[in-house]
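Everything below concerns the one structure shown next.
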Amino acid sequence: MKARVAIRFRTGVLDPEARAIEKALANLGFTGVRGVSRTRIIELELEASDRDAAEAEVRRMSETLLANPVIETYSVTIAER
Amino acid sequence: MKARVAIRFRTGVLDPEARAIEKALANLGFTGVRGVSRTRIIELELEASDRDAAEAEVRRMSETLLANPVIETYSVTIAER
Amino acid sequence: MRAAVVTFPGSNCDRDLRVAMERVFARPVASLWHAETELPPLDLIGIPGGFSYGDYLRCGAIAARSPIMAEIARLARRGVAVLGICNGFQILTEAGLLPGALVRNLRLSFVCRPVRVTVVTASSPFTNAYRPGRELLLPVAHHDGNYVLEAEELARLEEEDRIAFRYLDNPNGSTADIAGVLGPGRNVLGMMPHPERACDPLHGGEDGIALFRSLLATLT
Amino acid sequence: MAIAEITPELVAEHGLTAEEYARIREILGRPPTLVELGIFSVMWSEHCSYKSSRLHLRKFPTEAPWVVCGPGENAGVVDIGDGRVAVFKMESHNHPSFIEPYQGAATGVGGILRDVFTMGARPVAVLDALRFGAPEHPRTRHLVAGVVAGIGGYGNCVGVPTVGGETGFHRAYDGNILVNAMCVGIAEKDRVFYARAAGVGNPVVYVGARTGRDGIHGATMASAEFSEDAEAKRPTVQVGDPFMEKLLIEACLELMAGDCIVAIQDMGAAGLTSSSFEMAARGGTGIELDLDAVPLREANMSAYEIMLSESQERMLMVIARGREEEARAVFEKWELDFAIVGRVTDTGRMVVRHRGEVVAEVPVAPVSGGSPVLDRPYRLPDPPVPFISDDQTVHLSPREVLLRLLSCPDLCSKRWIWEQYDHSVMADTVAGPGGDAAVIRVHGTDKGLALTIDCTPRYCRADPRTGGRQAVAEAYRNLVAVGARPLAITDCLNFGNPERPEIMGQLVGCIEGMAEACRALDFPVVSGNVSLYNETDARAILPTPEVGGLGLIADLAKRTDLAFDADGLLLVLIGEVTGWLGQSVFQREILGREEGAPPPVDLVLEKRHADFVTAQIAAGRVRACHDLSDGGLAVAMAEMCLASGRGGRLSVPAEAPSLFGWLYGEDQARYLLAVAPEHLRALLEEATAAGVIAREVGVTGGCALIIDGQPPISLEELRRCHEGWLPAWMDG
Ligand SMILES: Nc1ncnc2c1ncn2[C@@H]1O[C@H](COP(=O)(O)OP(=O)(O)O)[C@@H](O)[C@H]1O
Ligand SMILES: [Mg+2]
């Protein structure tokens, strides 16, 4: 089964890279760009009996390793195939 | 208008980080995880007269700044709102 | 004083830390390979700087979840002193032994330079040989030293006097200029500056020596 | 054996000439297979075979009693006493860095580190020489940012300090930047490893990263002139993994502590091909390779791709038979791939098998050492006439000139760059970037290695021979200035297309000049690298023979640096002053001209002055020392003031040839010393006795730099000018 974890900074945590992108875009003449935010996606394949089992497993992966709950939130999507 | 750029490595480009994640998951007991891959998502808001104009603009941003065309490919989605 | 320094794949300040400790402690310091899970009796564990596991995913994330860290966490709860420097600090926050997290420097680039820091609290086994308020010159060398934590956590750290060091010229954007913090039991210290690179008049000055002297005096 | 159709187009695409192809057919006695064609193409590329330069490189002196191993191995080796050796080399990664600055520069550092630890040395320092296009060029800023981040990203992660280098800007590099990296390591003298395959039946072992389709044909790319379609060559960039490199260093050094390695060689340009051929050629043996055993990153790679891949962080070793498991255990501990991919034979032939077929079978010697040695026609430029300047044409005050020079791209502080490099990891950096030479303590001793990289390309263009001499002389001076005894150099010769006689003339002239200086100064060449075809659409770079010098400081307590540690010290200028402004930074930045002859390099004077300064340092009379180079006396003085946080006064003697010549002329063989007043007499007397021109030119103290007759320049203003330009421009 294929799964996809989307990880982003919690609101309130300043993302210096997003700010830098915004600034760099402005310097390059792309004016009027606002609200830049970044999300990291990790896709993986796993063996699981069904979607729910897969989702539970990927949630555990996210909580134990993939995301840092102090600064990040995550969401999981399972794409059967 | 809101836009979303998804950036990933071209096929064949070494992604040591993805491999490290796969290995770390295995060490943590998540066996059977394969094919880990990563995508960076950048979301932003811009002013544009219509979807096509927005898309063209975001493509230019991607080519000049957001993606590294030598080793990455990108795709753009415009979500009107 | 029974001290050891952990080596993870990708650690690169392990030797430096051991050399500095041995110089001040005047006795051998053990090396612990990350795969070891049964540790000898110890008074002090050093987690060195470097790029453990390439710092892939997040700095310190993979090392923090390695088996040896579970053991170190257990020892830390029992009062063993744990000193995490640079990547070691990142590992300790990722392992939940210290609050907050370390993210990319505000200016985004790696920064290597001597910085001025002040000693905020002298009440810890790491800092009791310093006078509070003393200004030190210590090298930093990191890409992800921007310490972030929530307002309540910050208030708690301040209330419990757990901020060990503050930058005078903040090189990375850290919240409240924090350069080093203590764990709740005051026996765990994480700091971005490198005291082990400041124990030698020929290299980096000598302002880091008192940190190791504090440990020597307290732990033996 | 599958015989692909080898068309003339295919041969040309592989960068081989018709004559070379005829030679290949003669060697094989038949047409080559595609794999064989690929092998010849990379092995006979300029990059691997040095075919245009080999004839002239022989002119370098390469021996001295302290040289343990000169050119020909992965890196040069010199004795530093106490049973230890320093192992060092410099290499270019110019083309890849232009295409993808971060990865190109990063993998350049990775490659040079491997050249050094391959020989059993622990890398202890990296230096980098960078040449970018004009700051106004639209790509320059992006290239600077990427290259600097890439060098830092790799070196910092591996944990080897980057302690020095050079950075210059000139429009001649707009389309071809230079990224040269130098690495220095330390080994036990009796535990140096060489790359000579030996012992029939011994297994050939592959360790490190898996093989992917990275940089296939990188070696031929590095030998071909760029054109506007460089973009199309993009997929050939390699991506580095410094974490893997760190593991490789530790694993290799751990295994090298034992005795099961017979030979070891990193897989650099042309990957498995060049590493296997070089090991076999040096050992006079043959090798059988089984490509099915090579760890692959991607499925379905062809034999051609596997042989030519330039995936990074890979090594090839010959292990003593029966010791395979011992070696495997070490690599498994470090979680690295380990595979037996072949064995050593006595046939003198390379036999490559893939999927049950022999895909290549070629004699080793003619491929490895048999590439054509070319005697390309060359033309030396006419000797330039000296430039005569007239102070009246300058409408700026000496003070304004100084501030201009200190903030120009070439002379401004490069702090913005080197603060992104970890220069203090390993805790043995005694002097990091910012001085004449970096100083690294030999771990656990009171000795130090002094390291520098130098070249003045504008001198080389005006007069290659003088430029070649000057590059070596400046490196020598920079080592002497920190109290070191210069031992040897490595070099990286960056030039344009050698098929053009005037470019070939630059190469030959520079080599001959360097060789003369090396001989006169007893400063041999022990390793190096040549990078040709640095041109885009027939516009060549400035001839840039970078010289990496290494010296030894016997007692670190006796080293010097450029900071004066007290007020009231007397400044003594060593060397002759003619006020030479031809090809000076002053001429370019203030007069807007780049012309005339560069300052002559008198090697006898260089040696005499260096010996004198060395003796004065040894006698404990020198409180600060700086060599004079770009920008001359006033710039050197300003740099000393900035380094010490103290001001000083610089006098302009009545007999000065011209005011600007005195202050900004670039006469060679000069040093500026700070001396306590009580030592002045002895120093001057010894100078006279030694036939050295030495004169008092100023005094330290205060918080401003004062040039006689000019309003003072505060240290803050000096600092603002010196430190301001680069960060402001990068913020752009
Ligand atoms: N790319 C770089 N990397 C590291 N250090 C650099 C770099 N460029 C310049 N430096 C440092 O800046 C200082 C000044 O450089 P330079 O003017 O070339 O010195 P010099 O004229 O004495 O050779 C030196 O200490 C040098 O090591
Ligand atoms: Mg110099």
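Note on naming: letters A, B, ... go to the chains in the order of the sequence lines (proteins, then strands), and numbering restarts at 1 for each one. Keep in mind the model is a prediction, meaning the values are calculated, not measured.
- Listed options A/Val5, A/Leu28, A/Ile21, A/Val36 were ranked by heavy-atom pairs under 4.5 angstrom with chain B; first place goes to A/Val36.
- The side chain to side chain contact (heavy atoms under 4.5 Å, CB included) check on B/Ala3 picks up B/Leu44, B/Leu46, B/Val58, B/Ile78, with sequence neighbours excluded.
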List, with distances to 0.1 Å, the donor-acceptor pairs found between chain A and chain B - the cut-off being under 3.5 Å and no angle criterion applied.
unit_1	atom_1	unit_2	atom_2	d
A/Arg8	NH1	B/Glu43	OE1	3.1
A/Arg34	N	B/Glu45	O	2.9
A/Arg34	O	B/Glu45	N	2.9
A/Ser37	N	B/Glu43	O	2.9
A/Ser37	O	B/Glu43	N	2.8
A/Thr39	N	B/Ile41	O	2.9
A/Thr39	O	B/Ile41	N	2.8
A/Ile41	N	B/Thr39	O	2.8
A/Ile41	O	B/Thr39	N	2.9
A/Glu43	N	B/Ser37	O	2.8
A/Glu43	O	B/Ser37	N	2.9
A/Glu43	OE1	B/Arg8	NH1	3.1
A/Glu45	N	B/Arg34	O	2.9
A/Glu45	O	B/Arg34	N	2.9

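- Heavy-atom distances place both the backbone and the side chain of A/Ile42 under 4.5 Å from chain B.
- For B/Leu66, the part lying under 4.5 angstrom from a heavy atom of chain A is the side chain only.
- Residues B/Met1 and B/Ala54 approach most closely at SD-CB, 3.9 Å, considering heavy atoms.
- Between A/Val13 and A/Phe9, the shortest heavy-atom contact is CG1-CD2, 3.7 Å.
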